[in-house]
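Okay, structure first, notes after.
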Amino acid sequence: MTGDILEYLGEKEYVSGEVLAQKLGISRVAVWKKIQRLKNMGYEIIADQNLGYCLISRPDLLLPQEIQRGLFTNYIGKEIYYFPELKSTNIIAKGKALHRAEGIDEGTLIIAERQSAGKGRLGREWFSPVGGIWLSVILYPQLSPSYISRITLMTAVVVVKAIKMCTQIEPQIKWPNDILINEKKVCGILTEMSAELDMINWVVVGIGINVNIDHQKFPEDIQENTISLKEVSGKEILRVKLAQSFLRVFEKYYDKLKRKEFSSILKEWKLYSHTLGKKIKVDMGERIITGEAVDINEEGELILKKEDDELVEIISGTIV
Ligand code: BT5
């Protein structure tokens, strides 16, 4: 554990090795070892023989201790599993979600600096290099499985609000799970669940945000339709701050959803919608429907008005 020493290490002021050793109840050599570990993680720390150690800067890594510092949530992000690299945060989260009885609580997060096999919907690939936010939240809502699309819509609103708070950029939501800036995808959401007929067992909400990714890094076949926050704002965004904003707003909105107060969330969704009022084609797997996206109902279904004026409710699909 290196998080504990960070509590006592002075930011821009020296703390002696002896004081640190006393506070932590360990030897000075053990303090030195912890300092080395922090430096290896990217913390800039200077040491002075007489004065001790001084923390100069923190890395913008999505380390649990950095995210939890000043997070102020009740349960979202209380437990974080951090990986410099893994295949997919959703895969790990789904494995963990099964172990609720052994202490995997609601709000547990899986975060990675990069994913080697990030997943989109329907087995599609999700490009996840260093510089993005790739995370999954484990939830155990006492709701019926029909709430799943509302959870995705709510998450989209939360992502928009978090991006807006940290960058002043207002993205738009393309139904059901894309967040766009200038018509290009900056974030995707992958909601997965296990459920009985009338009750959800667990939900894993995966979000991927292109934060500090240079455009030429995107694979050629998706370059045209992708964008990163760094590209739009012309500077690097502090990922820790953005992740914290996301988690804070997520808790607030998820609490609302659990209280079945979806209407106000839906109102905001409509405000940020890129889809409503547009003529679209929706691929529903077995068929493609064309029409005007006229509304989203209280169940989170998209209402499409076909050429013959027939209204169709669509629970999931991909706009093509
Ligand atoms: C999504 O799927 O948009 C859901 C993406 C969810 C990613 C997160 S990251 C954390 C968590 N762990 C995971 O393994 N996944 C989740 P879909 O609507 O199917 O869109 C997938 C399509 O988006 C791909 O087929 C590409 O065309 C495009 N795409 C791939 N990587 C992208 C990226 N980094 N930015 C924008 N578009 C991308």
Side-chain angles (χ1 to χ4, degrees), residues 62 67 77 80-97 108-139 148-149 151-153 155-156 158-160 162-163 171-193 203-232 239 242-243 246-247 250 274-275 280-285 302 314-320:
L62 300 168
I67 291 181
I80 300 180
Y81 292 87
Y82 169 81
F83 299 81
E85 177 174 344
L86 47 48
K87 279 191 172 159
S88 151
T89 56
N90 265 42
I91 293 179
I92 300 283
K94 285 192 287 178
K96 294 227 180 274
T108 298
L109 301 187
I110 316 295
I111 298 189
E113 297 294 346
R114 66 182 294 262
Q115 303 185 112
S116 56
K119 294 193 307 160
R121 295 180 302 153
L122 306 168
R124 293 191 276 249
E125 283 177 23
W126 184 258
F127 175 64
S128 330
V130 166
I133 293 179
W134 325 119
L135 68 80
S136 302
V137 192
I138 297 172
L139 305 171
I148 195 74
S149 45
I151 293 177
T152 303
L153 299 186
T155 305
V158 173
V159 171
V160 169
I163 290 179
Q172 289 191 299
I173 306 169
K174 179 175 156 198
W175 182 87
N177 69 322
D178 290 355
I179 310 296
L180 308 180
I181 296 176
N182 302 339
E183 311 273 318
K184 291 163 194 256
K185 188 157 168 176
V186 71
C187 166
I189 300 162
L190 176 64
T191 313
E192 299 185 271
M193 75 165 168
V203 173
V204 165
V205 181
I207 63 142
I209 310 179
N210 301 327
V211 187
N212 298 321
I213 300 173
D214 292 327
H215 196 81
Q216 70 272 18
K217 292 241 172 80
F218 288 110
E220 237 165 62
D221 57 327
I222 60 168
Q223 266 198 10
E224 204 186 322
N225 298 316
T226 52
I227 200 161
S228 80
L229 294 177
K230 181 183 169 187
E231 262 183 271
V232 190
R239 290 181 309 150
L242 179 55
F246 169 78
L247 298 171
F250 188 93
H274 175 267
T275 306
I280 54 170
K281 264 189 193 169
V282 182
D283 184 348
M284 298 169 66
L302 178 71
I314 306 176
I315 192 70
S316 80
T318 304
I319 298 177
V320 289

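Note that ligands are numbered from 1 as they come in the structure, with each ligand's atoms numbered from 1 the same way. Heavy atoms only: backbone and side chains are in, while hydrogens, waters and symmetry mates are out.
Residue contacts with ligand 1: Gly188 is placed with no nitrogen or oxygen under 3.5 Å of a nitrogen or oxygen of the ligand (distance criterion only). In terms of polar-atom proximity, defined here as any N/O pair under 3.5 Å, Trp134 makes no such contact with ligand 1. For ligand 1, none of its N or O atoms has an N or O atom of Ser136 under 3.5 Å away. Residue-to-ligand polar distances place Thr89 within reach of ligand 1: an N/O pair is separated by less than 3.5 Å.
Using a 4.5 Å heavy-atom threshold, the side chains of Gln115 and Phe127 count as separate. The side-chain heavy atoms of Glu85 and Ser116, taken from C-beta on, include a pair separated by under 4.5 Å. Taking the side chain as every heavy atom from C-beta outward, Tyr81 and Ile138 never approach each other to under 4.5 Å. Thr275 places a side-chain heavy atom less than 4.5 Å from the side chain of Ile280. Residues Lys230 and Val211 have side chains not in contact (no heavy-atom distance under 4.5 Å, counting atoms from C-beta outward). At a threshold of 4.5 Å between non-hydrogen side-chain atoms, the residues Leu180 and Lys184 do not count as touching. In this structure the side chain of Asn210 never reaches within 4.5 angstrom of the side chain of Leu229, judged on heavy atoms. Annotation: side chain of Ile111 is not in contact with side chain of Trp134 (no heavy-atom distance under 4.5 Å).
For atom 22 (C) of ligand 1, the closest non-hydrogen atom of the protein is Lys185 NZ, 4.1 Å. Remark: minimum distance from atom 5 (C) of ligand 1 to any protein heavy atom is reached at Trp126 CE3, 3.4 Å. Looking only at protein heavy atoms, the nearest one to atom 15 (N) of ligand 1 is Lys119 O, 2.8 Å. Looking from atom 31 (N) of ligand 1 to the surrounding protein, the closest heavy atom is Phe127 N, 2.9 Å. In terms of protein heavy-atom proximity, atom 35 (N) of ligand 1 is nearest to Asn210 ND2, 2.9 Å. Summary of contacts: the protein heavy atom closest to atom 19 (O) of ligand 1 is Arg124 NE, 2.6 Å. Counting protein heavy atoms only, atom 30 (C) of ligand 1 is closest to Glu125 O, 3.4 Å. At the top of the distance list for atom 37 (N) of ligand 1, counting protein heavy atoms only, stands Thr226 CG2, 3.3 Å.
In this structure, Gly118 is part of the shell of residues with a heavy atom less than 4.0 angstrom from ligand 1. Ligand 1 lies nowhere less than 4.0 angstrom from a heavy atom belonging to Leu122.
For ligand 1, the atoms closer than 4.0 angstrom to any heavy atom of Gly208 are 8 (C), 9 (S). Counting the atoms of ligand 1 from 1 in the order shown, those under 4.0 Å from a heavy atom of Leu135 are 10 (C). Every atom of ligand 1 is numbered from 1 in the order shown, and the set under 4.0 Å from a heavy atom of Ser88 is 12 (N), 13 (C), 14 (O). Of all atoms in ligand 1, numbered sequentially from 1 with element shown, those under 4.0 Å from a heavy atom of Ile222 are 26 (C), 27 (O), 29 (N), 30 (C), 31 (N), 32 (C), 38 (C). Here is the list of ligand 1 atoms found below 4.0 Å of a heavy atom in Asn177: 1 (C), 2 (O), 3 (O), 4 (C), 18 (O).
In this structure a side-chain-to-backbone donor-acceptor pair under 3.5 Å is present from His215 to Gln223.
When Lys217, Lys94, Arg121 are ranked by how near their heavy atoms come to atom 2 (O) of ligand 1, first place goes to Arg121.
Judged as a side chain to side chain donor-acceptor pair (under 3.5 Å), and not counting sequence neighbours, the contacts of Lys185 are Asp178. For Lys94, the side chain to side chain donor-acceptor pair (under 3.5 Å) test picks out Glu192, with sequence neighbours left out.
Contacts with ligand 1 closer than 4.0 Å are made by backbone heavy atoms (N, CA, C, O) of Ile189 only, the side chain lying farther away.
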Practice problem: With salt bridge (charged side-chain N to carboxylate O under 4.0 Å, His left out) as the test, would you mind laying out the steps for Arg239 and Glu113 before giving the verdict? | Solution: CA-CA 11 Å; Arg239 290 181 309 150; Glu113 297 294 346; 2.9 Å; yes

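The two residues Ile213 and Pro129 come nearest to each other via the heavy atoms CD1-CG, 3.8 Å.
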